[in-house]
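Working notes for the structure below.
On a predicted model such as this, the values are computed, not experimentally measured, just so you know.
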Amino acid sequence: MAEAQNLKEKAAKGLLWGGISTGGQQVLSLFFGIYLARILTSEDYGLFNMLIVFTSLATLLQESGFIVALINKKEATHKDYNAVFWFSCCMGITLYIIGFLTAPLIADFYHAPELVAGARVLFLWFLVCCTCTVHNAILVKKLMIKERTKADLTAFTISCIVGIIMARQGMGYWSLITQMVVQGIVNTLIRWYYSPWRPTLSFSIQPLKEFFPFSVKLLLTGLFNVVNNNIFSILLGRFYTKSQTGYYAQGYKWGYIAYSVIWGMLNSVSQPVLAQVAQNPEQQQLVLRKLIRFTAFITCPAMLGLAFIAPEFITVTVTDKWVASTPFMQLFCIWGLIIPINNLCTNTIISRGKSNIYMYGTIALDIVQLTTIYLLAPYGLFQMIMGYIAVNFSWFLVWNFFLKRLMPIQTSQVIFRDIFPFLVLSAISICIAYLTTGGIENVYLRLLGKICIVAICYAILLYLSGAVIFRETLQFFQKRIKRSL
């Protein structure tokens with residue numbers, strides 16, 4: 001009982017600091033993003049967005065699934081950490097050399113000669129971040145969320161300041177590239193400072209061999225995911241104009257920011273906490289349902305609410321020059337409803353050592369998504385995105401099919417008891433806000449009115465319905481406030 005209570009307390013603290021980290025980053029991203037969007041053009045964002053797929057791919061290859069293996073291993077040794085560290089460094093150097101040499105081919109693919117120099121500078125990020133993958137894994141494994149929060153917020157703030165200074169000097173998309181490289185450098189330095197582990201020159205390949213059967217499945221799965229998650233950036237960069245790519249990137253960014261706040265908070269604790277109770281299926285399904293319930297409690301009003309205020313939000317923040325990005329923002333807010341919950345399901349599967357299920361399930365998902373995009377391509381970009389999102393929603397049932405083979409969990413209970421109530425309460429709150437703010441002509445007052453009414457109505461409905469997760473959340477913050485006093 002004491003162990004379970006201790007785990008619960010650690011998870012609660014992790015959620016709090018994870019929320020502060022991602023929430024703080026996204027608040028900063030909101031203000032800095034607004035400022036930059038007012039200075040930069042859609043072409044600047046379009047060029048930068050064309051290169052993002054390569055950074056995602058590099059991150060995946062540097063870790064190669066070994067980081068998750070380290071987190072899941074209960075008694076990881078220095079030998080294990082050292083082997084993964086030097087592998088990651090070698091991979092980072094190799095990837096930079098490949099990226100440097102193939103930069104002209106990337107530029108030719110996108111018909112954008114200016115990407116040659118930009119790619120070679122951005123890919124310096126590979127060399128930096130490969131040196132802190134193990135340190136990051138240690139911070140996650142030991143639930144040192146507070147330290148990760150400080151590192152993330154410091155790095156993000158410094159990099160954003162650098163980006164704004166460069167943008168004001170008229171350096172265009174170079175400000176976005178430099179911002180990312182600076183963020184990687186600062187983040188790496190601070191993680192080294194907080195992590196107690198240091199590498200040695202000794203190297204053994206034995207730990208990599210031990211991790212390989214588990215990790216290779218995660219790597220293959222990740223490769224499919226990187227291509228699938230960036231498929232629209234690739235298609236737009238190749239077949240659409242830089243401006244259209246920029247509108248898509250801007251709309252996707254705002255939806256992704258909201259999603260990142262939620263998932264960043266959960267991801268800080270979900271994998272290590274689920275791994276700690278993996279040997280007890282009964283307890284693990286209780287932990288999983290609790291996490292899903294908390295996710296729905298936060299995600300439903302946040303993502304639906306953001307989609308609701310998107311037109312006013314775009315006009316007020318980044319001006320009407322970005323109004324074409326509004327539909328993209330709304331679509332990806334809907335996407336953000338299900339993705340955190342699906343990620344919790346896959347984290348649970350991985351925590352049970354079933355990386356093969358995760359691999360085959362994800363590859364099948366990616367194939368279905370790519371097929372859907374191909375079939376809907378003649379009907380337009382919006383139809384492709386809607387089909388992509390619909391597949392993600394339906395795949396929740398697939399992940400639950402596999403979960404039922406690992407633990408005593410009922411899909412109907414997860415949907416109708418853990419998710420659906422918060423979805424209904426959020427929809428009711430939005431309907432009330434829509435009816436009461438429809439006559440407000442001033443866009444600023446309408447935006448403020450929508451936000452306040454949705455938030456107030458949702459809180460009242462939660463209280464009247466006796467939502468346990470709402471009461472527990474209030475009690476947690478009350479305890480934190482009392483301790484601080």
Which atoms form the tightest heavy-atom contact between [X] and [Y], and what is the distance?
X: Ala324; Y: Pro327; answer: O-CD, 3.5 Å
X: Gly255; Y: Cys333; answer: CA-SG, 4.1 Å
X: Trp125; Y: Thr55; answer: CZ3-O, 3.5 Å
X: Ala310; Y: Met329; answer: CB-SD, 3.9 Å
X: Pro408; Y: Glu282; answer: CG-OE2, 3.5 Å
X: Ala433; Y: Phe308; answer: CB-CE2, 3.7 Å

Can you tell me how far [atom2] of [Y] sits from [atom1] of [X], rounded to the nearest 0.5 angstrom?
X: Leu344; Y: Leu274; atom1: CG; atom2: CG; value: 7.0 Å
X: Asn136; Y: Asn187; atom1: CG; atom2: CG; value: 8.0 Å
X: Asn342; Y: Asn392; atom1: CG; atom2: CG; value: 6.5 Å
X: Thr317; Y: Trp322; atom1: OG1; atom2: CH2; value: 11.0 Å
X: Ile428; Y: Ile460; atom1: CD1; atom2: CD1; value: 12.5 Å
X: Arg417; Y: Phe422; atom1: CZ; atom2: CZ; value: 13.0 Å

Working for side-chain hydrogen bond (donor to acceptor under 3.5 Å, both in side chains), residues Asn347 and Tyr358: CA-CA 9 Å; Asn347 273 1; Tyr358 174 59; over 6 Å; no
Where the side chain of [X] meets the backbone of [Y], is there a donor-acceptor pair that is under 3.5 Å apart?
X: Ser195; Y: Arg191; result: no
X: Thr372; Y: Val368; result: yes
X: Asn280; Y: Gln283; result: yes
X: Ser465; Y: Leu462; result: yes
X: Arg352; Y: Leu406; result: yes
X: Thr315; Y: Pro311; result: yes
X: Asp320; Y: Val323; result: no
X: Thr299; Y: Ala296; result: no
X: Thr154; Y: Ala151; result: no

Atom CZ of Phe402 with >12 non-hydrogen neighbours under 6.0 angstrom: yes
Test side chain to side chain contact (heavy atoms under 4.5 Å, CB included) applied to Trp335 and Ile385, step by step: CA-CA 9 Å; Trp335 169 84; Ile385 296 176; over 6 Å; no
Evaluation steps, side chain to side chain contact (heavy atoms under 4.5 Å, CB included), between Phe393 and Leu337: CA-CA 9 Å; Phe393 270 87; Leu337 276 173; 4.0 Å; yes
Sub-6.0 Å ring centroid separation between Tyr248 and Phe332: yes
Ring centers of Trp197, Phe85 separated by less than 6.0 Å: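 Here the rings of Phe85 and Trp197 have centres that are less than 6.0 Å from each other.
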Quick check: do [X] and [Y] have side-chain heavy atoms less than 4.5 Å from each other?
X: Lys354; Y: Arg405; value: no
X: Tyr458; Y: Leu461; value: no
X: Val443; Y: Phe313; value: no
X: Trp192; Y: Leu189; value: no
X: Gln179; Y: Val162; value: no
X: Leu288; Y: Met407; value: yes
X: Ile389; Y: Met386; value: no
X: Gln330; Y: Thr326; value: yes

Verdict with supporting geometry, Ile314 and Trp254, side chain to side chain contact (heavy atoms under 4.5 Å, CB included): CA-CA 9 Å; Ile314 292 294; Trp254 297 119; 3.9 Å; yes
Any donor-acceptor N or O pair under 3.5 Å, side chains Gln284, Ser351: yes
Residue pair Thr131 / Thr188, side-chain donor-acceptor N/O under 3.5 Å: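 Checked: Thr131/Thr188 side chains show no N/O donor-acceptor pair below 3.5 Å.
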Those residues that, when tested against Ala302, pass side chain to side chain contact (heavy atoms under 4.5 Å, CB included) (two or more places apart): Ile262
Results of side chain to side chain contact (heavy atoms under 4.5 Å, CB included) for Ile451 - residues two or more places apart only: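 Expected list: Ile309, Leu447.
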Can you run down the salt bridge (charged side-chain N to carboxylate O under 4.0 Å, His left out) pairs that involve [range], sequence neighbours left out, and say none if there aren't any?
range: residues 322-340; value: none
range: residues 418-427; value: Arg289-Asp418, Arg293-Asp418
range: residues 448-460; value: Glu312-Lys450

Chi angles and distances behind the side chain to side chain contact (heavy atoms under 4.5 Å, CB included) call for Leu51, Phe54: CA-CA 6 Å; Leu51 297 175; Phe54 300 102; 4.3 Å; yes
Set of ring pair (Phe, Tyr, Trp, His ring centres under 6.0 Å) partners for Phe382, sequence neighbours left out: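 In terms of ring pair (Phe, Tyr, Trp, His ring centres under 6.0 Å), with neighbours along the sequence ignored, Phe382 is linked to Phe328.
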Test log, rule side-chain hydrogen bond (donor to acceptor under 3.5 Å, both in side chains), inputs Thr77 and Asp80: CA-CA 5 Å; Thr77 65; Asp80 297 325; 3.1 Å; yes
